[in-house]
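The figures here come from the full heavy-atom set of this structure, side chains too, leaving out hydrogens, waters and symmetry mates.
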Amino acid sequence: MSVVVRFAPSPTGFLHIGGARTALFNWLYARHTGGKFLLRIEDTDRERSTQQAIDAIFESLKWLELNWDNEPVFQFSRAKLHAEVAKQLVEKGLAYYCYCSVDELTKMREESLAKGLTPRYNGYWRDRPVSEAPRNVSPVIRFKAPQNGTTIITDLVQGRIEIDNTQLDDMVLLRADGTPTYMLSVVVDDHYMEVTHVIRGDDHLTNAFRQYHLYKACQWTVPEFAHIPLIHGADGTKLSKRHGALGVEQYKDMGFLPEAIRNYLLRLGWSHGNSEIISTEQAIKWFDIHNVGRAPARFDLQKLINLNGVYIRQADNWRLLEDIRPRLEERTKKRTKMNLVLKGMNGLKERAKTLIELADHATFYLECPIFDDKNDTYTQKSADDNNNRYLAKVANMINYLQILIDLLTTFNNFDYLLIEEEIRKLCKRQELKVGDVVMPARIAITGSTVSPSLFEVMSIFGKDETISRLAAYRDFLSALS
RNA sequence: GUUCCCAUCGUCUAGCGGUUAGGACAUCGCCCUUUCAAGGCGGUAACACGGGUUCAAUUCCCGUUGGGAACACCA
């Protein structure tokens, strides 16, 4: 029998990082086994489900490149079928109508809690004749859960788990308004979608036991379960907004690459020997649900950032340019110089951990960051703080800049290696430190003390732009002193 | 509170009775060097605790402690 898995988020918010991992594991398992990866939107909670959230989930999955098979299933559209199943169970005597009010149920839970028991429904209407039913109350349908014995589930991740059936209470299948609950819907949908493996968050583990009996009551095959541990925040508690339980979209906005996120999420709770950098192809080949760890893992942003740097360095230059183009265009009008960014990409991507950084560092190719277009002058203010250290030695800097200009003016060929060779020769001749000469030029050309190799930058700019920036800064410094 | 799950460096993890307990991120040195990265080399750093079982326990069993999850007419 071929594998069918599904990712079934409820559209009550964005797709968070934990959901993304659940989706990834399902997707990998499907691709690994050559099975199907289905998507089901669990929108039975009409109050909290939004179109916005549905769109966000689709967008996030697409961005992560976790493509699903078949059309997505919207659970609410199948509500009639779900209700039908509930009614059939009543007819078979496997479920019953319950007329308890919300207040009564709350009271019941409080009483159990006071006695030190698990709060749950006490089965008041389980064996009570319908003739006793109050007139003006619309009933819910409850499932008759077994009251004795034990239930055993062999979870693919958690192993064999046994619970006492006294833990199970009679869960609501159909609400008073006739809409199905999650417990009913999942089971019915998973059955009709022919899902063979239910891979989901650990928080559903206890649900599996209740669902198990529902499968049995319907005489359906119980799927394999795999409950993967949740992701925790850096402090070990449940991941919340405070920790970075952000939407996938927000990680995109922070400049992360989808392949970096996939790799990070995969390694969180799963490993393959000493492999850290794992391509998607390798992941598909290696992934097995059986060796997913059982303990929850903490989310470590530093490791994600590091991994992102690795993937940026590996990425194609054109693709990176396209990734940062919107950010660059936001920042400057000089779109004609994008080819310079592309030429400089090898030097730039070596130094960036995120696409934001990459865009930041690339800006100088488009315009000199410390040159203010409006006033047609340089500003010290916009230069980074380090510059001040060098600006203290203005006279020296003017001198070095002039030496460089004189040298570069004689060049016909603006080749990277040639520039380096000649500047080194000059420094040796005049007994100057290469760093002393290079740093003022770096500030003049890139507006910062941090940049890719200056010789590379110069060769990319070419003679005119290089000398023009050097001269402009020289003049600015002269005016200062 | 009740039930279930979990436990190796700060973090993610390898280990599946006998290892100098390995790797990665982070961190700290050094090297390389025009800055910053990247890279190279090296350092600090872990088997929660207590009982068993065994010739031998990080590894198997039990308990303690500590963490987590679930207990809705939410999903």
Side-chain angles (χ1 to χ4, degrees), chain A residues 8-12 42-45 47-49 75 98 100-102 105-106 109 112-121 138-142 155 157-159 161-164 166-169 171-177 179-183 185-186 201-207 209 227 229-230 232 234 236-238 264 267-277 293-307 309-310 313 347-353 357 361 386 420 423-424 427 433-439 441-443 446 448-455:
Chain A
S10 60
T12 53
E42 308 221 315
D43 54 352
T44 52
D45 185 345
E47 298 283 307
R48 299 195 300 156
S49 299
Q75 192 159 61
C98 164
C100 286
S101 69
V102 177
L105 294 172
T106 312
R109 273 195 293 275
S112 310
L113 219 45
K115 284 184 206 159
L117 299 170
T118 304
R120 52 176 225 243
Y121 178 66
S138 353
V140 300
I141 292 180
R142 283 184 184 272
D155 190 277
V157 171
Q158 305 293 341
I161 302 165
E162 180 175 346
I163 65 145
D164 202 306
T166 53
Q167 291 305 311
L168 271 20
D169 70 351
M171 60 186 173
V172 172
L173 261 21
L174 207 64
R175 299 187 185 100
D177 65 1
T179 60
T181 61
Y182 160 79
M183 286 294 177
S185 299
V186 237
D202 205 7
D203 48 341
H204 286 288
L205 183 60
T206 53
N207 292 335
F209 292 94
H227 290 92
L230 265 21
H232 285 173
T237 63
K238 193 177 179 180
Y264 177 71
R267 273 292 285 105
L268 210 56
W270 180 87
S271 64
H272 187 270
N274 280 340
S275 303
E276 294 288 342
I277 310 301
R294 290 198 270 172
R298 298 182 190 204
F299 185 81
D300 182 3
L301 190 62
Q302 277 310 317
K303 193 149 182 173
L304 209 209
I305 289 172
N306 174 274
L307 219 38
V310 171
R313 270 173 260 138
L348 291 168
K349 71 181 180 184
E350 186 86 359
R351 275 154 256 262
K353 300 276 194 194
E357 271 184 29
H361 297 164
N386 260 342
E420 176 167 3
I423 290 176
R424 283 191 192 286
C427 290
K433 276 173 143 175
V434 177
D436 286 344
V437 177
V438 159
M439 199 49 84
R442 170 169 281 122
I443 297 170
T446 71
S448 165
T449 54
V450 176
S451 83
S453 160
L454 191 69
F455 310 123

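Across all strands shown, B:U27 forms a Watson-Crick or G-U wobble pair, both distances under 3.5 Å, with B:G43. Pairing partner, B:A57: none, since no Watson-Crick or wobble contact has both distances short of 3.5 Å. Searching all strands for a Watson-Crick or G-U wobble partner of B:A14 with both distances below 3.5 Å returns nothing. In this structure, B:A7 forms a base pair with B:U65, meeting either the Watson-Crick or the G-U wobble geometry with both donor-acceptor distances under 3.5 Å.
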Contact state string [nucleotides 44-49 of chain B, B base, S sugar-phosphate only, - no protein heavy atom under 4.0 Å]
------
Generate the contact string for nucleotides 4-10 of chain B. Rules: B means base contact, S means sugar-phosphate contact only, - means no protein heavy atom under 4.0 Å.
SSSS---
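When the side chain to side chain donor-acceptor pair (under 3.5 Å) test is applied to A:Arg48, the partners found at least two apart in sequence or on another chain are A:Asp45. Contacts of A:Asn274 classified as side chain to side chain donor-acceptor pair (under 3.5 Å), with partners at least two apart in sequence or in another chain: none. Listed by chain and number, the residues in a side chain to side chain contact (heavy atoms under 4.5 Å, CB included) with A:Arg109 are A:Leu105, A:Thr106, A:Pro119 (sequence neighbours excluded). Residues that satisfy the side chain to side chain donor-acceptor pair (under 3.5 Å) test with A:Asn207, not counting sequence neighbours, are A:His204. Under the rule for a salt bridge (charged side-chain N to carboxylate O under 4.0 Å, His left out), the partners of A:Lys303 that lie at least two apart in sequence or sit in another chain are A:Glu276. Under the side chain to side chain contact (heavy atoms under 4.5 Å, CB included) criterion, A:Val434 pairs with A:Arg424, A:Cys427, A:Val438, sequence neighbours left out. With sequence neighbours left out, the salt bridge (charged side-chain N to carboxylate O under 4.0 Å, His left out) criterion links A:Glu162 to A:Arg160.
Here A:Ala297 lies in heavy-atom contact (under 4.0 Å) with sugar-phosphate atoms only. Nucleic acid contact for A:Cys100: base, since at least one base atom lies under 4.0 Å from a heavy atom of the residue. Using a 4.0 Å heavy-atom criterion, one finds that A:His227 contacts no nucleic acid atom at all. Counting any heavy atom pair closer than 4.0 Å across all strands shown, A:Leu304 reaches no nucleic acid atom. A:Met183 comes within contact range of at least one nucleobase, with a heavy-atom separation under 4.0 Å. Within 4.0 Å of A:Leu268, counting heavy atoms only, lie sugar-phosphate atoms of the nucleic acid but no base atom. Nucleic acid contact for A:Thr179: none, since no nucleic acid atom lies under 4.0 Å from a heavy atom of the residue. Here A:Gly269 lies in heavy-atom contact (under 4.0 Å) with sugar-phosphate atoms only. Heavy atoms of A:Val434 sit under 4.0 angstrom from primed sugar atoms or phosphate atoms, though from no base atom.
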Between N or O atoms, less than 3.5 Å apart, protein on one side and nucleotides 36-39 of chain B on the other: list the pairs.
{"from": "B:C36", "atom 1": "O2", "to": "A:Arg351", "atom 2": "NH1", "distance (Å)": "3.0"}
{"from": "B:C36", "atom 1": "N3", "to": "A:Arg351", "atom 2": "NH1", "distance (Å)": "2.4"}
{"from": "B:A37", "atom 1": "O2'", "to": "A:Glu350", "atom 2": "O", "distance (Å)": "2.8"}
{"from": "B:A38", "atom 1": "OP1", "to": "A:Lys353", "atom 2": "NZ", "distance (Å)": "3.2"}
{"from": "B:A38", "atom 1": "O3'", "to": "A:Arg313", "atom 2": "NH1", "distance (Å)": "3.3"}
{"from": "B:A38", "atom 1": "O2'", "to": "A:Glu350", "atom 2": "OE2", "distance (Å)": "3.0"}

Below 3.5 Å between N/O atoms, which protein atoms pair up with nucleotides 21-23 of chain B? Just atom names and distances, please.
{"from": "B:G22", "atom 1": "N2", "to": "A:Asn274", "atom 2": "OD1", "distance (Å)": "3.2"}
{"from": "B:G23", "atom 1": "N2", "to": "A:Arg267", "atom 2": "NH2", "distance (Å)": "3.2"}
{"from": "B:G23", "atom 1": "N2", "to": "A:Glu276", "atom 2": "OE2", "distance (Å)": "2.9"}

I'd like a table of atom pairs between the protein and nucleotides 28-33 of chain B - only N or O on both sides, under 3.5 Å - with the distance next to each one.
none

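The gap from the C1' atom of B:A38 to that of B:A56 amounts to 47 Å, rounded to the nearest Å. Nucleotides B:C47 and B:G22 are separated by 13 Å at their C1' atoms, to the nearest Å.
Of the residues near RNA chain B, A:Leu113 and A:Val438, the one whose nearest nucleotide (by heavy atom distance) lies more toward the 5' end is A:Leu113.
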